[in-house]
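One structure is given below, encoded as structure tokens.
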Amino acid sequence: MCGIVGYVGPRSALGVVVEGLRRLEYRGYDSAGVAVVSDGELHARKKAGKIANLDAELAAHPLPADGLGLGHTRWATHGGPTDTNAHPHVSYDGRVAVVHNGIIENFAALRTELGEDGITCVSETDTEVVAHLLAQQVAAGVDLADAMRLVCRRLQGAFTLVAVDAQGPRQVVAARRNSPLVVGVGEGENFLASDVAAFIEHTRDAIELGQDQVVVITDSDVTVTDFDGAPAPVRPFHVDWDLSAAEKGGFDWFMRKEIYEQPKAVADTLLGRHDENGRLTLDEVRISEEELRRIDKIIIIACGTASYAGLVAKYAIEHWTRIPCEVELASEFRYRDPIVGPTTLVVAISQSGETADTLMAIRHAREQHARVLAVCNTNGATIPRESDAVIYTHAGPEISVASTKGFTTQIVACYLLGLYLAQVRGTKFGDEIAALMGELATMPDAIARVLEGMDPVLKLAADFAEERVVLFLGRHVGYPVALEGALKLKELAYIHAEGFAAGELKHGPIALIEDGLPVFVVIPPRGRDMLHDKVLSNLQEVRARGARTVVLAEADDHEVLPYADVLVPLPQVSTLLQPLVATVPLQMFACELATLKGHDVDQPRNLAKSVTVE
Ligand code: F6R
């Protein structure tokens, strides 16, 4: 949510910043802007809409190419998506420029205070006050870094701020609280960004910043302090993917590329999970086995697609460990006074690791002394940093706003967690765990086979291009798959879609079925006859009422054929693992349908990746 870039070095700051913004545009695309400092003068350009609008503005009104600059791509919170509300915001005296991600909760009081000093804000944003507050300090002779520390101590809320002072030393200054910021360390140049994708083509060496820290970058140095100016600890890390991972590589959309990356993403997430004795290991566990044996309840918290991964995880974890497991939307968790304590394991699932709802939920859980384990795809993000243990999903960068490989790898990570807990608590024998790990190891191939058979799904999208309502049904782990299929269609194709537990349909929603209504039904593998047969009955119920059925079932499941208008064949896998193959055609269907409708698949309207406000 909002992408930020800062740069000091010998290259054209304008070029580095605009290219960086292009890679961060998935974080918000309501407006974009840049500021560069050249010969002691500040120059800024900003435009509502996507970066293409900023490109046009820069072509019409070029900026100097100096080695110092910052930029921003916005997902609007305070103030609509207009040119004036776009960042950077420039101070009343034209000296300081600021970009911001997050929400400054006490901005109204600060705005009134500035008004009393004769300074009027021109935008409706919460950000602009920071530009003026910093300018007041630097005008009084305070260095920008000290000014930033001082101002940050007065701010309430969540923020990443990046600022330049046109008349100060050659430096870019930034601060973070509850909002993402990483430093890219180059040779004779340094970068700041909301995530490493912005500078990955220049350097893979990065520094993760902690809470309430101020960082100053110059051509040769990176200095980090807390808000009082005391030196602060930092954690350098090396990014294990390169520029090609952040490019489309010949695909029309990042989403389509990321769908096709799933076999590798799943394989990478499974890699290196055994120690020399063949026992399962996780990435970072700061929870002792003794504590894990005492856990008597698991609560999975997540948002959106990640919460559906959590629903799948519940079935596997309860089955393998016999620990009661609840799944809760992160945005609801702390508002209902949840019952958590030292014997509760809270599992936070987040691709970005920055989702504010999830972050606030884990903080609440930790205050209640629960232990927190994060499932995350972003090294060094806030959620894993604030957790007691982490399982990283090694999916590589997920750039499309709609999550695909993020989802499947989250499910894999949760299976690993379930098996790890089963190992620690002795609820499964070693050979049973090894057999399940063996089966998981076959999943990349199974997903690859699904991807080879996408032609019917693409054709289906063409047939359904004019539909206004689509339903998805599933039972057991097929239920979260149905929810995910519906969410993908809503967010990409802007079609009203609903996912239902197949058995629940006859308790009301079946009234929606009318002649020709498209209904996708996820049929469980035949391994568990009762489950399979029940969903088969639900399929018959909707077919009998005129639904046009698209049936996802094992390729040789002949029992479904009389009730399937279209069959999407799935490979044979065990019931608990079926979401890994069944979700893929639904992702592709939504991607293709949105493409045919002429939508921007990677950047759906009103959305942003990494939702860093509650
Ligand atoms: C939908 C989607 C969102 C995210 C949700 C959580 O395609 O991507 O529903 O799953 O915003 O994001 P993370 O996993 O980053 O916490």
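Index from 1, following the sequence. Because the structure is a prediction, the values reported are computed rather than measured. All ligand and atom numbering here is 1-based and tracks the order in the structure.
Using a 4.5 Å cut-off on side-chain heavy atoms (C-beta onward), L192 and L181 make contact. Residues E386 and V372 form no side-chain contact, since every pair of their non-hydrogen atoms from C-beta on lies 4.5 Å or further apart. In this structure, T595 and L492 have side chains that are not in contact, with every pair of non-hydrogen atoms separated by 4.5 Å or more. At a threshold of 4.5 Å between non-hydrogen side-chain atoms, the residues P518 and F472 do not count as touching.
Counting only heavy atoms of the protein, atom 14 (O) of ligand 1 lies nearest to Q351 N, 2.6 Å. Nearest protein heavy-atom neighbour of atom 5 (C) of ligand 1: C303 O, 3.5 Å. Nearest protein neighbour of atom 11 (O) of ligand 1, counting heavy atoms only, is V611 CG2, 4.3 Å. Looking only at protein heavy atoms, the nearest one to atom 7 (O) of ligand 1 is E491 OE2, 2.5 Å. Of all protein heavy atoms, the one closest to atom 15 (O) of ligand 1 is S352 OG, 2.7 Å. Considering only non-hydrogen protein atoms, atom 13 (P) of ligand 1 sits nearest to T355 OG1, 3.3 Å.
The closest approach between any non-hydrogen atom of K488 and ligand 1 is below 4.0 Å.
With respect to the salt-bridge test (charged N to carboxylate O, under 4.0 angstrom), the residues E201 and R22 do not qualify. Looking at E247 and K257, no side-chain N of the basic residue comes within less than 4.0 Å of a carboxylate O on the acidic one, giving no salt bridge. A salt bridge is absent between D445 and R449; no separation between the charged side-chain nitrogens and carboxylate oxygens falls under 4.0 Å. Residues D388 and R286 are not paired through a salt bridge, judged by the lack of any N-O separation under 4.0 Å between the basic side chain and the carboxylate.
Taking every heavy atom of G304 and a limit of under 4.0 angstrom, the matching atoms of ligand 1 come to 9 (O). Using a 4.0 Å cut-off to heavy atoms of A306, the atoms of ligand 1 that qualify are 10 (O), 14 (O). Near S350, meaning under 4.0 Å from any of its heavy atoms, are these atoms of ligand 1: 13 (P), 14 (O), 15 (O), 16 (O). Counting atoms of ligand 1 from 1 in the listed order, those under 4.0 Å from a heavy atom of A402 are 7 (O).
Using a 4.0 Å cut-off between heavy atoms, V401 contacts ligand 1 through its backbone alone, with no side-chain atom that close.
If you look at F589 and F520, their ring centroids are closer than 6.0 Å.
At least one N/O-N/O distance between T305 and ligand 1 falls below 3.5 Å.
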